Asker: 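Okay, handing you the structure first.
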Amino acid sequence: MERTIDRAANRLLAGRPASGPRAVAIEAAVFLLKQAWACIFGALMLVVIVAARLWYPDDAALARNDALTIAAVAIQVGMLVFRLESGRELWVIVLFHITGTAMELFKTDVGSWAYAADGVLRIGAVPLFSGFMYAAVGSYMVRVYRLHDLRFTRYPPIWATTVAAVAIYANFFTHHYVFDARWLLLAVVVLLWAPTLMHFRIWRATLRVPVLLVFVGVALFIWIAENVATLSGAWLYPGQVDGWELVSGQKIVSWFLLMIISVVMVTWVYRPRRPDAG
């Protein structure tokens with residue numbers, strides 16, 4: 001499907017100007033379309049969550065959370081059937097799904113957030129659709145890597161980024177009992193990735209940008225999506241139980257760190273390549 005869309009897009013854009021305002025507008029439009037296409041898993045999940053909030057009947061025989069889980073499975077199957085994800089990419093997405101679900105079990109147990117207590121497709125207090133929200137982040141990461149042919153200069157060693165990712169994941173659990181190392185871990189992330197530039201191809205243009213800036217942008221976007229999801233009642237933080245309010249801005253830091261785990265997992269499948277690599 002993606003190859004067919006790419007061929008059709010190139011035929012449509014053939015002969016368009018290579019410079020000037022129209023060329024800039026085309027590159028901007030292609031960038032936005034590629035980003036939207038990379039987000040398709042997460043976007044469909046968010047649409048399903050909002051639709052369930054607005055239109056799913058409260059007295060339905062199938063619990064809302066179970067319906068969300070079935071819809072999430074259908075989306076994932078569709079991604080594979082239409083070859084929007086390869087088997088090679090799927091195992092990273094599944095791994096992120098598993099690590100996310102494990103964290104959900106712990107966080108709901110300590111009261112960090114809560115889901116509605118309905119449905120049977122759940123593990124403890126965690127409905128199974130929650131893992132697919134983490135999978136959506138992983139899906140975006142692997143798809144954007146391919147769609148934009150990402151290349152990097154001065155990328156840190158994989159072993160160092162893997163150690164950082166393990167420490168970040170451990171801190172999501174241990175900070176409830178010992179020192180919260182998130183700010184120290186943020187400093188480690190900055191030290192590792194500060195020299196790194198990401199090169200990404202749009203259509204004709206290939207641009208470069210500090211990778212940390214990209215990380216911040218993605219974390220902010222996920223935080224916005226999280227606000228939509230909590231407003232739709234997919235889950236609630238303690239401060240939202242008596243009435244919805246914006247998710248704390250500190251969660252942007254949490255999503256930034258969690259996203260680092262996803263980035264590292266993707267590098268296990270797609271090793272970071274230099275711009276001059278074949």
Side-chain angles (χ1 to χ4, degrees), residues 35 39 42-43 45-46 49-50 53 96-116 125-127 129-141 144 156 161 163-194 196 209-266:
Q35 286 292 304
C39 291
M45 279 293 300
L46 203 58
I49 288 171
V50 172
R53 171 69 173 181
F96 200 52
H97 185 131
I98 293 171
T99 57
T101 300
M103 190 169 68
E104 287 282 330
L105 288 167
F106 177 81
K107 290 292 190 178
T108 53
D109 186 62
V110 298
S112 295
W113 56 78
Y115 294 90
V126 180
F129 80 83
S130 67
F132 287 93
M133 294 185 291
Y134 293 89
V137 177
S139 176
Y140 169 79
M141 293 296 178
V144 79
T161 60
V163 170
V166 170
I168 289 169
Y169 187 68
N171 188 68
F172 279 112
F173 297 85
T174 59
H175 83 85
H176 289 278
Y177 307 108
V178 295
F179 172 69
D180 185 355
R182 75 178 64 189
W183 301 110
L184 176 61
L185 292 169
L186 267 178
V188 170
V189 169
V190 170
L191 287 173
L192 282 175
W193 276 279
T196 306
V209 64
V211 74
L212 284 176
L213 184 61
V214 176
F215 291 167
V216 171
V218 174
L220 179 61
F221 185 81
I222 296 173
W223 176 77
I224 292 171
E226 182 182 35
N227 275 283
V228 175
T230 54
L231 180 61
S232 301
W235 71 91
L236 293 174
Y237 290 103
Q240 296 174 321
V241 173
D242 295 329
W244 184 83
E245 59 185 32
L246 274 177
V247 176
S248 169
Q250 291 188 6
K251 291 296 180 181
I252 299 175
V253 177
S254 298
W255 278 113
F256 179 90
L257 291 173
L258 190 65
M259 187 197 59
I260 295 298
I261 300 172
S262 182
V263 168
V264 172
M265 287 182 180
V266 172

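All values derive from a computational prediction rather than experimental measurement.
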Asker: Return the CD1 to OG1 distance between I260 and T161, rounded to the nearest 0.5 Å.
Answerer: 9.5 Å
Asker: Any chance you could measure F221, atom CZ, to M259, atom CE, to the nearest 0.5 Å?
Answerer: 13.0 Å
Asker: Would you name the heavy atoms of A219 and I252 that are closest together and state the gap between them?
Answerer: CB-O, 3.9 Å
Asker: Over all heavy atoms of both residues, which pair between V209 and L213 is shortest? Give the atoms and the distance, please.
Answerer: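 Looks like CG2-CD2, 3.8 Å.
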Asker: Does anything in residues 210-227 pair up under side-chain hydrogen bond (donor to acceptor under 3.5 Å, both in side chains), and if so which pairs, sequence neighbours excluded?
Answerer: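 Of all non-adjacent pairs touching residues 210-227, those that pass side-chain hydrogen bond (donor to acceptor under 3.5 Å, both in side chains) are E226-Y237, E226-W255.
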Asker: In a table with atom names and distances, give each donor-acceptor pair under 3.5 Å that connects a side chain of residues 100-111 to protein atoms at least two apart or in another chain.
Answerer:
unit_1	atom_1	unit_2	atom_2	d
T101	OG1	H97	O	2.9
E104	OE1	W113	NE1	2.9
E104	OE1	Y115	OH	2.6
E104	OE2	Y115	OH	3.3
E104	OE2	Y134	OH	2.6
K107	NZ	F172	O	2.9
K107	NZ	H175	NE2	3.0
K107	NZ	H176	NE2	3.0
T108	OG1	E104	O	2.8
T108	OG1	L105	O	3.2

Asker: Can you see which heavy atom on G138 is nearest to which on S262, and at what distance?
Answerer: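 It is CA-OG, 3.7 Å.
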Asker: So, for L231 and W244, which heavy atoms are closest and what is the spacing to 0.1 Å?
Answerer: N-NE1, 3.3 Å
Asker: Between S248 and Q250, is there a donor-acceptor pair closer than 3.5 Å when you use the side chain of the first and the backbone of the second?
Answerer: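 Yes, S248 side chain to Q250 backbone: donor-acceptor pair under 3.5 Å.
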Asker: Test side chain to side chain contact (heavy atoms under 4.5 Å, CB included) on V189 and L185 and set out the steps.
Answerer: CA-CA 6 Å; V189 169; L185 292 169; 5.5 Å; no
Asker: Give a yes or no on this: more than 12 heavy atoms of other residues, nucleotides or ligands lie within 6.0 Å of atom CZ of R182.
Answerer: yes
Asker: P238 and S112: which non-hydrogen atoms are nearest, and at how many Å?
Answerer: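 Shortest heavy-atom separation between P238 and S112 comes out as CD-O, 3.1 Å.
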Asker: State, to 0.1 Å, how close N171 and A181 come at their nearest heavy-atom pair, and which atoms those are.
Answerer: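 Closest pair (atom of N171, atom of A181, distance): OD1-N, 3.0 Å.
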Asker: Could you check whether any side-chain N or O of E245 sits under 3.5 Å from a backbone N or O of Q240, counting only pairs where one atom can act as donor and the other as acceptor?
Answerer: no
Asker: So, taking the atom named CD1 in I49 and the one named CE in M45, what distance separates them when rounded to the nearest 0.5 Å?
Answerer: 4.5 Å
Asker: Rounded at 0.5 Å granularity, tell me how far OG1 in T99 sits from CG in L258.
Answerer: 7.5 Å
Asker: So how far is it from F256 CZ to L212 CG, rounded to the nearest 0.5 Å?
Answerer: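 With rounding to 0.5 Å, CZ (F256) is 5.5 Å from CG (L212).
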Asker: Would you compute the distance between atom CD1 of I168 and atom CG of L184 and round it to the nearest 0.5 angstrom?
Answerer: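 Reported to 0.5 Å precision, the distance equals 10.5 Å.
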